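Take a look at the structure below.
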There are 2 protein chains.
Amino acid sequence: MSDLLERLRERGWRMTAQRRVVAEVLDGEHVHLTADEVHARAAGRLPEISRATVYNTLGEMVSLGEVVEVTTDRRAKRYDPNAHRPHQHLVCARCGTIRDVHTSGDPLSQLPADERFGFTVSDVEVTYRGLCPDCAAGA
Amino acid sequence: MSDLLERLRERGWRMTAQRRVVAEVLDGEHVHLTADEVHARAAGRLPEISRATVYNTLGEMVSLGEVVEVTTDRRAKRYDPNAHRPHQHLVCARCGTIRDVHTSGDPLSQLPADERFGFTVSDVEVTYRGLCPDCAAGA
DNA sequence: GCTTGACTTGGACACTGTCCATTGTACGAT
DNA sequence: ATCGTACAATGGACAGTGTCCAAGTCAAGC
Ligand SMILES: [Mn+2]
Ligand SMILES: [Mn+2]
Ligand SMILES: [Zn+2]
Ligand SMILES: [Zn+2]
């Protein structure tokens with residue numbers, strides 16, 4: 001039983017086979033799958049699970065704060081079960097590999113008050129881009 | 001004649017009515033329009049301009065480094081003619097207003113060497129989110 | 001075991017963006 | 001000024017991602 005599934009059950013979720021496999025697929029470190037990747041892997045265990053259910057379930061997990069959406073490209077959103085420790089992402093521009101990284105300071109504090117235009121700034125999203133070692137080596 | 005159009009002509013662009021109106025629509029400060037918004041405004045001056053041409057033209061401007069793509073939400077890409085001064089964006093989570101902002105330091109330097117995993121890091125994208133004064137006031 | 005409201009399903013639909021064959025045109029050459 | 005040609009514009013088909021809905025199914029409490 002994954003920690004994620006445990007937390008969801010504590011929140012009163014009705015436990016279904018579909019939700020179980022989605023939670024299981026998302027279990028682990030450095031996981032950043034698209035909804036359709038989640039669907040493909042979930043279908044490996046539960047062949048008839050539908051796309052709509054995967055989208056619904058992921059959306060609910062995001063609403064509950066147990067999964068975060070990550071947008072590192074303009075294609076599909078990615079779903080990240082590492083929701084309880086703020087972090088940023090480092091993306092290879094060539095192969096798409098994504099690594100969790102941590103900045104040396106709080107990026108929010110880098111925005112001076114006179115650059116906030118009266119906004120109540122509550123969140124910042126940082127994506128670093130470059131080439132991973134393999135791609136930089138021409139692999 | 002916009003500065004943007006001037007620069008494009010210097011690069012040997014064949015000048016067409018369509019490219020002119022797209023460049024004119026993109027002229028100005030704090031402009032962050034989607035492709036379809038550009039198309040709608042361009043069609044105000046040149047009714048028969050096609051969606052494909054707007055997409056082609058914007059893509060060419062991006063390739064030439066005269067316009068930058070901005071992804072502040074998971075809907076449409078936005079096109080920013082402010083391509084010659086690096087900056088970040090501050091977005092209202094409620095109404096979508098986008099402001100250009102400048103951080104106090106270079107965000108790239110905030111990623112320590114031991115968090116780079118051997119990547120050649122060349123770029124960083126920072127998006128601040130919050131509520132603009134109007135939305136915070138409940139307007 | 002029933003009952004019931006929550007959950008799942010498949011498919012239609014919307015939005016953004018790409019592609020391509022055809023038609024049109026800007027611009028250098030004459 | 002006209003022409004020829006390579007480059008550009010067009011519109012419609014198509015693809016990827018995500019949402020929505022009506023109908024069927026099921027988990028969980030009684
Ligand atoms: Mn992550
Ligand atoms: Mn901008
Ligand atoms: Zn790579
Ligand atoms: Zn606002």
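Every chain is numbered from 1, with letters handed out A, B, ... down the list of sequences. Treat the numbers as computed from the prediction; the structure is a model and nothing was measured.
- For A:Arg99, the salt bridge (Lys or Arg N to Asp or Glu O under 4.0 Å) test picks out no residue, with sequence neighbours left out.
- Applying the ring pair (Phe, Tyr, Trp, His ring centres under 6.0 Å) test to every pair with at least one member in residues 103-133 of chain A, sequence neighbours left out, gives no pairs at all.
- Electrostatic pairing of B:Arg9 and B:Glu6 counts as a salt bridge here, judged by a charged N lying under 4.0 Å from a carboxylate O.
- Checked against side-chain hydrogen bond (donor to acceptor under 3.5 Å, both in side chains), B:Thr53 has the following partners two or more places apart in sequence or in another chain: B:Ser50.
- For A:His87, the ring pair (Phe, Tyr, Trp, His ring centres under 6.0 Å) partners are A:His89, not counting sequence neighbours.
- Overall, the helix from C:dG1-D:dC30 to C:dT30-D:dA1 carries an axis bend of 30° between its ends, with five pairs at each end and the value rounded to 10°.
- Of the charged side-chain nitrogens involved, at least one lies within less than 4.0 Å of a carboxylate oxygen, so that A:Glu24 and A:Arg45 count as a salt-bridged pair.
- When the side-chain hydrogen bond (donor to acceptor under 3.5 Å, both in side chains) test is applied to A:Arg41, no partner is found at least two apart in sequence or on another chain.
- Every residue two or more places apart in sequence or in another chain that forms a side-chain hydrogen bond (donor to acceptor under 3.5 Å, both in side chains) with A:Glu60 is listed here: A:Arg19.
- Counting 5' to 3', DNA chain D first comes under 4.0 angstrom of a heavy atom of chain B and last does so at the ends given by D:dA6 to D:dG11.
- Two residues, A:Arg74 and B:Thr53, neighbour DNA chain D, and the one matched to the more 5' nucleotide by heavy-atom proximity is B:Thr53.
- When the side chains of ILVMFWY residues are joined at heavy-atom separations under 4.5 Å, either directly or via intervening members, B:Val31 and B:Tyr79 end up in a single hydrophobic cluster.
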Taking only nitrogen or oxygen atoms into account, show me every contact under 3.5 Å that the protein makes with nucleotides 14-22 of chain C, one pair per line with its distance.
{"residue": "C:dG17", "atom": "OP1", "partner": "B:Lys77", "partner atom": "N", "Å": "2.8"}
{"residue": "C:dG17", "atom": "OP2", "partner": "B:Tyr55", "partner atom": "OH", "Å": "3.2"}
{"residue": "C:dG17", "atom": "N7", "partner": "B:Arg51", "partner atom": "NH2", "Å": "2.5"}

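- Side chain of B:Gln88 to backbone of B:Thr103: a donor-acceptor contact under 3.5 angstrom is found.
- By the side-chain hydrogen bond (donor to acceptor under 3.5 Å, both in side chains) test, B:Arg85 pairs with no residue at all, sequence neighbours left out.
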Could I get a table of every N or O pair under 3.5 Å where one atom is in the protein and the other is in nucleotides 24-30 of chain C?
{"residue": "C:dC27", "atom": "OP1", "partner": "B:Met15", "partner atom": "N", "Å": "3.0"}

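- By the salt bridge (Lys or Arg N to Asp or Glu O under 4.0 Å) test, B:Arg75 is found to be paired with no residue, residues two or more places apart in sequence or in another chain being considered.
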